[in-house]
Amino acid sequence: MLKIYNTLARDKQEFVPIVPGKAGMYVCGMTVYDYCHLGHARVLVVFDMVYRWLKASGYDVHYVRNITDIDDKIIKRAAENHESIHALTARFIAAMHEDADALGVLHPDREPRATQYVPQMLEMIGRLEQNGLAYRAADGDVNFAVRKFPGYGKLSGKSLEDLRAGERVEVADSKHDPLDFVLWKHAREQEAEEVKWDSPWGKGRPGWHIECSAMGSQLLGKHFDIHGGGADLQFPHHENEIAQSEGAHHCKFVNVWMHNGFVNVDKEKMSKSLGNFFTIREVLKKYDAEVVRFFILRAHYRSPLNYSAAHLDDAKGALTRLYTALKGAPPSPALPPEGGSLLPSPIGGGTEGGGGGVDWNEPHAQRFKSAMDDDFNTPEAVAVLFELANEANRSQSVEAAMQLKALGGVLGLLQRDSVEFLQAGTAVSELEDAAINAQIEARIAAKQAKNYAESDRIRKELLKAGIVLEDSAAGTTWRRA
RNA sequence: GGCGGGGUAGCAAAAUGGUUAUGCAGCGGAUUGCAAAUCCGUAGACGCCGGUUCGAUUCCGACCCCCGCCUCCA
């Protein structure tokens with residue numbers, strides 16, 4: 001039985017899908033005006049893990065992750081670059097896909113862009129106006145009237161009084177209430193035609209919050225199962241989504257709200273404004289993408305995750321242990337189809353996923369399942385992986401190794417060939433495989449001649465270049481430190 | 001100020017009212033020409049003060065400290 005922490009309830013609750021056997025999930029994705037940083041990586045990986053676990057649990061999942069391709073920052077950046085917003089967003093959407101693929105993130109079922117759903121947004125704004133929840137302000141904007149919506153604040157646990165008391169926003173005169181937010185922004189003279197759409201309220205463009213309400217209900221229905229995003233979206237973004245959706249449709253919007261914790265740097269949230277962010281591609285120059293994925297999944301999704309080189313090194317060492325245990329495992333039956341990993345057969349049978357299947361009756365798998373069912377407790381699930389690695393090492397059991405690999409696959413990990421992982425490099429100037437092998441040959445010759453001084457010299461030299469040699473009965477192998 | 005989340009061994013990170021988390025690092029041993037890897041064993045913890053309890057890191061209360069949201073933000 002899967003339990004999920006629901007922000008709306010402030011508690012873990014049993015997941016009960018609206019339609020038995022199906023799950024609809026919407027996650028707020030990126031605003032594409034720059035490269036994704038590690039904070040974005042966390043959302044991508046965390047909800048990819050949720051998506052995979054729901055699938056592994058046998059749900060027919062419909063996963064929607066949107067792209068915000070029209071907003072103030074995009075307009076600003078495009079103007080700075082002297083390029084169209086289309087050119088700008090196209091570039092960063094491509095970059096985001098590259099980053100997501102590298103991290104083993106499966107493609108969502110749908111990836112709607114805000115600019116493709118303007119008609120649906122207009123329709124929704126019209127409904128809100130009809131329902132007396134939207135009004136046209138003096139400046140031409142259409143705003144949502146927060147105080148007309150009774151449930152406002154239920155997600156974030158804020159009351160309108162509290163919000164007003166601590167108010168730090170400069171009040172836009174045109175708003176009836178300082179907390180009202182914009183649904184439709186009137187067009188500005190100087191703006192490009194590209195960012196102007198016709199509407200019953202004049203030319204303009206959508207406010208940020210309305211896109212998720214419109215796309216969510218369009219693609220998943222007016223009422224769906226799971227909505228996720230970073231913890232910083234809880235308020236106001238998700239609060240506003242609820243107000244818009246429920247205000248327009250008069251029915252519950254989302255059953256389960258999930259929010260992932262931040263990536264921190266020196267205990268502070270990684271963010272653009274603080275300038276303490278690291279882009280995914282920057283980090284991937286130094287660290288293997290799977291190490292980054294493992295680093296993220298090793299912490300619980302709701303906990304803060306502190307980023308530092310030392311922590312990534314630690315994650316690398318841990319993942320190396322897992323892959324080392326996989327050395328004796330048979331090679332993968334096939335490469336995964338889309339940048340990710342094999343999806344093992346769903347719990348309770350089924351053959352989908354082929355040879356990557358998990359034996360769910362095995363004790364480790366049962367513990368793994370219990371952990372994942374307990375609000376996606378990946379740290380616990382990963383601990384089970386290490387116990388399986390120990391088992392595989394101790395007993396030299398191929399079954400244990402295969403089970404390890406299969407369970408790792410549920411998290412999108414451990415699907416590469418072990419040697420490939422252990423020898424994978426990331427630095428620019430590295431020894432070629434041929435050079436390494438030549439050195440190894442030379443060392444073997446020295447060893448056979450009992451010239452240990454020479455063999456040790458060669459090993460030390462390789463170690464300086466980051467190459468660790470391992471002698472065994474089967475011969476000498478190498479990996480990168 | 002309002003609301004919310006935390007403080008676990010050297011580092012990272014879970015669970016749990018009484019019994020081994022787990023990974024890295026440490027220590028002892030096995031193995032190795034020496035190593036590495038691996039295995040076996042071992043040490044080390046629950047912010048502070050009270051309370052409940054036969055027993056609390058785990059429940060309750062006070063306190064100290066950290067972080068987040070309240071403004072665009074994953």
Side-chain angles (χ1 to χ4, degrees), chain A residues 7 10 27-31 33 36-47 68 71-73 76 153 156-159 161-170 179 208 228-237 239 259-264 267-274 277 294-295 298-300 302-306 308 310-322 324-325 327 367 370-371 374 377-387 389-390 392-396 422 447 450-453 455-456 459-460 463 467-473 476-479 481:
Chain A
T7 305
R10 263 144 244 280
V27 171
C28 290
M30 264 33 93
T31 299
Y33 69 102
C36 294
H37 64 230
L38 239 35
H40 301 116
R42 192 173 190 189
V43 194
L44 290 168
V45 169
V46 159
F47 287 101
T68 299
D71 97 316
D72 288 353
K73 277 173 293 192
K76 184 164 173 268
S156 53
K158 298 173 192 303
S159 71
E161 292 81 56
D162 291 343
L163 285 165
R164 287 192 193 108
E167 189 193 309
R168 280 158 40 187
V169 205
E170 75 288 4
L179 293 162
W208 175 38
D232 46 2
L233 298 185
Q234 188 180 327
F235 188 89
H237 184 54
E239 193 71 64
H259 294 97
N260 66 273
F262 302 125
V263 175
N264 293 159
K267 301 216 167 186
E268 274 191 325
K269 177 185 172 186
M270 180 181 289
S271 72
K272 297 253 169 166
S273 48
L274 282 169
F277 62 91
F294 179 79
F295 166 69
R298 207 182 181 206
H300 187 84
R302 284 190 282 115
S303 302
L305 178 60
N306 220 35
S308 76
H311 293 159
L312 240 23
D313 287 338
D314 192 58
K316 181 188 177 181
L319 188 59
T320 297
R321 174 169 163 79
L322 256 20
T324 301
K327 266 184 162 176
R367 284 190 46 212
S370 302
D374 183 13
N377 191 339
T378 54
E380 182 78 35
V382 166
V384 172
L385 258 30
F386 281 101
E387 284 165 28
N390 178 257
N393 286 331
R394 190 173 7 132
S395 63
Q396 290 299 300
L422 295 171
K447 272 178 68 173
K450 305 254 185 225
N451 185 353
Y452 293 123
S455 72
D456 287 352
R459 185 171 53 214
K460 275 182 191 162
L463 190 58
I467 308 298
V468 179
L469 296 187
E470 298 180 342
D471 294 337
S472 76
T476 300
T477 56
W478 65 273
R479 64 184 169 87

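Just so it is clear: chains get the letters A, B, ... in the order the sequence lines come, proteins before strands, and each one is counted from 1.
- Looking at heavy-atom distances under 4.0 Å, K327(A) makes no contact with the nucleic acid at all.
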**OP:** Go along nucleotides 12-17 of chain B 5' to 3' and tag each nucleotide: B for a protein heavy atom under 4.0 Å from its base, S when only backbone or sugar atoms are that close, - otherwise.
**Re:** SSSS--
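- Taking every side-chain heavy atom of K158(A) into account, C70(B) is the closest of G68(B), G33(B), C70(B).
- To the nearest angstrom, C1' of C69(B) lies 14 Å from CG of L179(A).
- A distance-only check finds no donor-acceptor pair linking the side chain of T7(A) to the backbone of S156(A) [under 3.5 Å].
- Nucleic acid contact for V263(A): base, since at least one base atom lies under 4.0 Å from a heavy atom of the residue.
- Using a distance-only test at 3.5 Å, with no hydrogens or angles considered, no donor-acceptor pair links the side chain of D471(A) to the main chain of T476(A).
- The base of C73(B) sits within donor-acceptor range of the side chain of K269(A), with an N or O pair under 3.5 Å.
- In summary, R459(A) and D456(A) engage in a salt bridge, as defined by a charged side-chain N under 4.0 Å from a carboxylate O.
- Under a cut-off of 6.0 angstrom, the local environment of NZ in K76(A) is sparse, with at most 12 non-hydrogen atoms contributed by other residues, nucleotides or ligands.
- Evaluation of atom-type donor-acceptor distances gives a pair under 3.5 Å for the side chain of D471(A) against the base of C34(B).
- Using a 4.0 Å heavy-atom cutoff across all strands shown, S156(A) reaches sugar-phosphate atoms only and no base atom.
- Nucleic acid contact class of A318(A) (heavy atoms, under 4.0 Å, all strands): sugar-phosphate only.
- Pairing for G41(B) is with C27(B), a Watson-Crick or G-U wobble pair whose two hydrogen-bonding atom distances lie under 3.5 Å.
- Contact annotation for L469(A): base contact, defined as any heavy-atom pair under 4.0 Å involving a base atom.
- Ranking C72(B), U22(B), G4(B) by closeness to the S273(A) side chain, first place goes to C72(B).
- With a 3.5 Å ceiling on both atom-pair distances, the Watson-Crick or G-U wobble partner of G1(B) is C70(B).
- Atom-to-atom, NE2 of H37(A) to C1' of C73(B) comes out at 8 Å; the value is rounded to the nearest Å.
- Remark: ring of Y452(A) stacked against base of G33(B); centroid gap under 5.5 Å, plane tilt under 30°.
- Without hydrogens or angle criteria, H37(A) side chain to K272(A) main chain gives no donor-acceptor distance under 3.5 Å.
- Residue contacts shown for D456(A) include a base, since a base heavy atom lies under 4.0 Å away.
- Residue-level contact check: Q234(A) touches neither bases nor backbone, having no heavy atom under 4.0 Å from any strand.
- Nucleotide C73(B) holds its C1' atom 12 Å from the CG atom of N260(A), rounded to whole Å.
- Residue-level contact check: G29(A) touches the backbone only, with heavy atoms under 4.0 Å from sugar-phosphate atoms and none from bases.
- Summarising the geometry, the separation between CG on L44(A) and P on C73(B) is reported as 16 Å, rounded to the nearest angstrom.
- Heavy atoms of G229(A) sit under 4.0 angstrom from primed sugar atoms or phosphate atoms, though from no base atom.
- The shortest distance between the side-chain N/O atoms of W208(A) and the OP1/OP2 oxygens of C73(B) is below 4.0 Å.
- Comparing L274(A) and Y33(A), the nucleotide of RNA chain B nearest to each residue sits closer to the 5' end for L274(A).
- Across all strands shown, nothing is found opposite A56(B) as a Watson-Crick or G-U wobble partner with both distances under 3.5 Å.
- Contact between the side-chain N/O atoms of R321(A) and the OP1/OP2 oxygens of A37(B) is not found at any separation under 4.0 Å.
- Look at R459(A) and you won't find any side-chain N or O under 4.0 angstrom from OP1 or OP2 of A36(B).
- Atom NE2 in H259(A) sits roughly 12 Å away from atom P in C73(B) (whole-Å rounding).
- Protein atom CG of L233(A) is 10 Å distant from nucleotide atom P of C70(B), rounded to whole Å.
- Atom P of nucleotide C72(B) and atom NE2 of H40(A) are separated by 15 Å, given to the nearest angstrom.
- Between the CZ atom of R394(A) and the P atom of U38(B) there is a distance of 14 Å, given to the nearest Å.
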**OP:** Assess whether side-chain contact (heavy atoms from CB on, under 4.5 Å) is satisfied between E380(A) and R367(A), documenting all intermediate values.
**Re:** CA-CA 9 Å; E380(A) 182 78 35; R367(A) 284 190 46 212; 3.6 Å; yes
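- Shown here, G61(B) forms a base pair with C49(B); the pair counts as Watson-Crick or G-U wobble because both key distances fall under 3.5 Å.
- As rounded to the nearest Å, A21(B) and G41(B) have P atoms that lie 14 Å from one another.
- The partner of A36(B), taking Watson-Crick or G-U wobble pairs whose two distances both stay under 3.5 Å, does not exist in any strand shown.
- Among the protein residues, N390(A) comes within range of the sugar-phosphate backbone only, with heavy atoms under 4.0 Å from sugar or phosphate atoms but none that close to a base.
- Not a single donor-acceptor pair under 3.5 Å links the side chain of D314(A) to the backbone N or O of A310(A).
- If you check A13(B) for Watson-Crick or wobble pairing at under 3.5 angstrom, you find it has no partner at all.
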